[in-house]
Amino acid sequence: MTQPESAAQTGPAMQAGAATQPFVVMVKPVGSRCNLECSYCYYLRTKYAGQAPQPARMTDETLERFIRQYIGASHGPAVSFTWHGGEPALAGLDFYRLAVELQRRYLPEGWNCWNSLQTNGLLLDDEWCSFLAEARFDVGLSIDGAQWIHDEYRKDHRGGGTYGQAAAAVRRLQDHGIQPDLLCTVTSSSAAEPLAVYRALRGLGTGWIQFIPIVRRDGDGKPTPDSVSGDGYGDFLCSIFDEWALHDLGRLDIQLFAEAMRVWSGGDASLCWMAPSCGRALIVERDGGVYSCDHYVDEAHHIGDIGVSLLGELADSPAQLRFGEAKRSGLPGRCLSCAWLALCNGGCPKDRFALSEDGEPGLNHLCKGLSRFFSYAEPAAKLIALLTEKGYTPEAIMGELRAYMRSRWKGVSRNDPCPCGSGRKAKNCCWERRP
């Protein structure tokens with residue numbers, strides 16, 4: 001979206017309020033309100049102790065203040081807006097029409113912005129899809145693979161499954177020229193069915209999939225039954241990596257695989273949980289309250305309000321900088337000596353509640369699974385990168401990968417250690433998916 005010639009009076013020379021370092025914001029225009037009751041949702045029951053009741057949605061005044069401040073605090077020339085929830089579509093179409101109008105008004109000349117709506121899709125009728133296409137929104141749509149897996153957790157307020165509606169929303173968006181990103185959670189249930197989950201998502205034909213591990217804790221601090229274990233997550237990722245690398249290279253992308261390959265190729269990961277420090281992904285709630293992170297929307301991490309402070313100042317506030325640096329400074333010794341530190345950097349702080357082998361606290365709950373995946377995928381990923389650089393087609397690369405995989409299995413019997421490095425016997429691990 002490029003600013004019309006007659007739009008706002010701000011310009012690059014007036015960006016004096018920009019934050020010292022780039023940051024992004026997820027906006028919660030309706031807070032935790034949602035038309036679903038997903039049993040694993042970490043945001044649905046968010047409370048704000050001591051605060052007055054919030055409006056049903058962000059007011060027009062707060063919306064304008066946010067857009068003006070966010071553009072003013074940005075380095076440009078591109079500004080990213082992510083609309084999140086709850087279910088952000090509950091704010092209504094007129095809310096987003098106004099948001100687009102305000103963006104045009106306040107964007108400096110020569111700048112542009114990008115909008116992303118993260119949604120469950122249930123409200124996306126043809127009018128919605130037409131607007132999203134015309135305004136060039138990207139859409140991230142939550143759908144948990146196969147129907148029986150999706151409907152186990154993603155229920156409406158009457159307890160009914162919602163897979164059919166979510167899948168219909170994908171097709172409706174595609175009919176309007178939008179290929180949504182698919183956001184799939186990984187629970188203890190879905191981790192046991194990796195290929196069923198992956199093949200169902202692949203069948204929707206969108207080209208991009210994100211896998212989001214569910215890690216929650218009960219009142220005693222223990223992982224909940226729906227949380228994926230480290231072992232389960234590692235098995236899940238390795239199974240899907242094989243299917244993707246041998247059959248779908250060049251046809252679709254998996255977020256974690258793409259990020260890992262970027263790091264192996266000498267770049268930096270763009271995912272916050274993979275970065276050395278965090279704190280540059282803020283939350284603006286519907287009342288204008290600003291919080292440190294999507295997983296820390298609580299009074300302890302309420303860093304200010306855009307009605308009182310400027311958003312750029314809050315991004316650079318001492319409290320937020322301490323929050324971001326704590327990810328690096330709190331790493332246990334096990335992480336500092338880990339071969340995969342550059343890929344993981346300890347993972348998301350919310351998941352760092354396990355103990356290392358020597359009893360040191362602060363280890364990522366998913367550490368074992370991530371380590372196994374990185375170890376398993378690295379040789380093939382580096383081969384993909386090498387052959388891509390040499391100009392091989394995806395089909396040729398997949399042929400080379402199949403030959404490589406067959407060589408790894410040469411001479412391996414059912415009772416031998418699995419070549420994936422899990423330590424288990426082949427018959428109890430990857431035997432059924434050997435090439």
Side-chain angles (χ1 to χ4, degrees), residues 145-146 182 184 186 190-211 231-267 269 274 338-340 342-344 368-435:
L182 302 183
C184 175
V186 185
S190 58
E193 300 286 348
L195 295 185
V197 169
Y198 175 72
R199 288 167 180 168
L201 296 171
R202 179 179 62 191
L204 293 170
T206 67
W208 182 263
I209 302 169
Q210 298 180 36
F211 290 113
D231 283 332
Y233 193 48
D235 289 346
F236 178 88
L237 293 174
C238 291
S239 295
I240 290 177
F241 182 83
D242 281 351
E243 181 79 1
W244 169 76
L246 296 177
H247 303 287
D248 299 316
L249 198 66
R251 287 191 282 270
L252 66 82
D253 286 311
I254 312 296
Q255 184 191 49
L256 176 55
F257 302 169
E259 294 288 337
M261 292 180 71
R262 182 180 294 116
V263 175
W264 278 319
S265 297
M274 296 177 75
C338 179
W340 312 116
L343 285 151
C344 174
K368 192 173 181 180
L370 288 170
S371 296
R372 183 182 171 218
F373 167 68
F374 294 142
S375 175
Y376 180 77
E378 184 184 35
K382 288 187 172 180
L383 179 59
I384 292 171
L386 175 64
L387 296 178
T388 299
E389 187 177 350
K390 289 183 175 181
Y392 280 55
T393 66
E395 289 73 17
I397 294 173
M398 287 188 284
E400 294 290 332
L401 286 172
R402 282 189 277 272
Y404 163 73
M405 294 294 287
R406 285 193 293 270
S407 71
R408 292 188 70 184
W409 281 93
K410 187 176 181 179
V412 177
S413 68
R414 288 170 54 85
N415 290 312
D416 288 334
C418 187
C420 77
S422 67
R424 299 195 291 264
K425 290 184 178 180
K427 66 181 179 182
N428 296 325
C429 195
C430 302
W431 185 259
E432 296 302 324
R433 66 171 193 269
R434 68 195 189 282

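Quick note: numbers below take in every heavy atom, side chains included, and nothing from hydrogens, waters or symmetry partners. Numbers for residues simply follow the sequence, beginning at 1.
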Colleague: Do the numbers put Arg434 on top of the ring of Trp431, so that NZ or CZ is under 6.0 Å from the six-membered ring centre and no more than 45° off the axis?
Modeller: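 Judged by the rule (NZ or CZ under 6.0 Å from the ring centre, within 45° of its axis), Arg434 counts as positioned above Trp431.
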
Colleague: Using a 4.5 Å cut-off on heavy atoms from C-beta on, say whether the side chain of Cys338 contacts that of Cys344.
Modeller: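 No - every pair of side-chain heavy atoms lies 4.5 Å or more apart.
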
Colleague: May I ask you to test the Tyr392-Leu383 pair for a side-chain heavy-atom distance under 4.5 Å?
Modeller: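 Tyr392 does not reach Leu383 side chain to side chain.
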
Colleague: To the nearest 0.5 Å, tell me how far Cys418 SG sits from Lys427 NZ.
Modeller: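 That separation rounds to 13.0 Å.
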
Colleague: Assess the residue pair Ile209 and Trp244 against the criterion (side chain to side chain contact (heavy atoms under 4.5 Å, CB included)); give the C-alpha distance rounded to whole Å, side-chain angles, the decisive distance to 0.1 Å, and a yes or no.
Modeller: CA-CA 11 Å; Ile209 302 169; Trp244 169 76; over 6 Å; no

Colleague: Using side-chain heavy atoms (C-beta onward) and a distance below 4.5 Å, is Met405 in contact with Leu246?
Modeller: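 Yes - at least one pair of side-chain heavy atoms lies under 4.5 Å apart.
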
Colleague: Looking only at heavy atoms, which two atoms of Pro419 and Val412 are closest? And how far apart?
Modeller: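 Answer, listing the atom of Pro419 first, then Val412: CD-CG1, 4.2 Å.
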
Colleague: Please report the closest heavy-atom contact between Cys184 and Val197, naming both atoms and the distance.
Modeller: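 Closest pair (atom of Cys184, atom of Val197, distance): SG-CG1, 3.7 Å.
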
Colleague: Using the ring centroid of each side chain, check whether Phe373 and Tyr233 are separated by less than 6.0 Å.
Modeller: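 Distance test on ring centres: not under 6.0 Å, no.
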
Colleague: CG of Leu256 to CG of Leu237: how many Å apart, nearest 0.5 Å?
Modeller: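 Atom-to-atom, Leu256:CG and Leu237:CG are 6.0 Å apart.
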
Colleague: Is the shortest side-chain heavy-atom distance between Cys430 and Trp409 below 4.5 Å?
Modeller: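 The answer is yes; the side chains approach within 4.5 Å.
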
Colleague: Minimum heavy-atom separation for Ala245 to Ile384, with atom names?
Modeller: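 Ala245 and Ile384 have their closest heavy atoms at CB-CD1, 4.5 Å.
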
Colleague: Which heavy atom of Val186 sits nearest a heavy atom of Phe211, and at what distance?
Modeller: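 Taking every non-hydrogen atom into account, CG2-CB, 3.9 Å.
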
Colleague: Please verify the inter-ring angle class for Phe241 with Tyr376; under 30° counts as parallel, over 60° as perpendicular, anything in between as tilted.
Modeller: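 Rings of Phe241 and Tyr376: perpendicular, as their planes differ by over 60°.
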
Colleague: Report yes if the side chains of Leu249 and Glu395 come closer than 4.5 Å at any heavy-atom pair, otherwise no.
Modeller: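 Side-chain contact under 4.5 Å: no.
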
Colleague: Does any non-hydrogen side-chain atom of Asp231 lie less than 4.5 Å from one of Lys368?
Modeller: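 Yes - at least one pair of side-chain heavy atoms lies under 4.5 Å apart.
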
Colleague: If we only count heavy atoms from C-beta on, is the Ile254 to Trp208 side-chain gap below 4.5 Å?
Modeller: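 A side-chain contact under 4.5 Å is absent here.
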
Colleague: Hey, does the side chain of Asp416 reach the backbone of Ser413 with a donor-acceptor pair shorter than 3.5 angstrom?
Modeller: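 Side chain of Asp416 to backbone of Ser413, a donor-acceptor pair under 3.5 Å: yes, one is there.
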
Colleague: Distance from Ser407 atom OG to Arg402 atom CZ, nearest 0.5 Å?
Modeller: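 If I round to the nearest 0.5 Å, the distance is 14.0 Å.
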
Colleague: May I ask you to decide whether Glu243 forms a salt bridge with Arg199, counting only side-chain N to carboxylate O separations under 4.0 Å?
Modeller: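 Salt bridge present between Glu243 and Arg199.
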
Colleague: Give me the atom names and distance for the closest heavy-atom approach of Phe236 to Ala191.
Modeller: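 Phe236 and Ala191 have their closest heavy atoms at CD1-CA, 3.6 Å.
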
Colleague: For Met274 versus Ala260, what's the shortest heavy-atom pair and its separation?
Modeller: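 Minimum heavy-atom contact is CE-N, 4.3 Å.
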
Colleague: Looking at residues at least two apart in the chain, or sitting in another chain, which of them share a side-chain hydrogen bond (donor to acceptor under 3.5 Å, both in side chains) with Asp248?
Modeller: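 Asp248 satisfies side-chain hydrogen bond (donor to acceptor under 3.5 Å, both in side chains) with Tyr198, Arg202 only.
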
Colleague: How many angstroms lie between atom CG of Leu370 and atom OG of Ser375, to the nearest 0.5 angstrom?
Modeller: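 If I round to the nearest 0.5 Å, the distance is 12.5 Å.
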
Colleague: Test side chain to side chain contact (heavy atoms under 4.5 Å, CB included) on Cys238 and Cys420; report intermediate values, then the result.
Modeller: CA-CA 9 Å; Cys238 291; Cys420 77; 5.9 Å; no

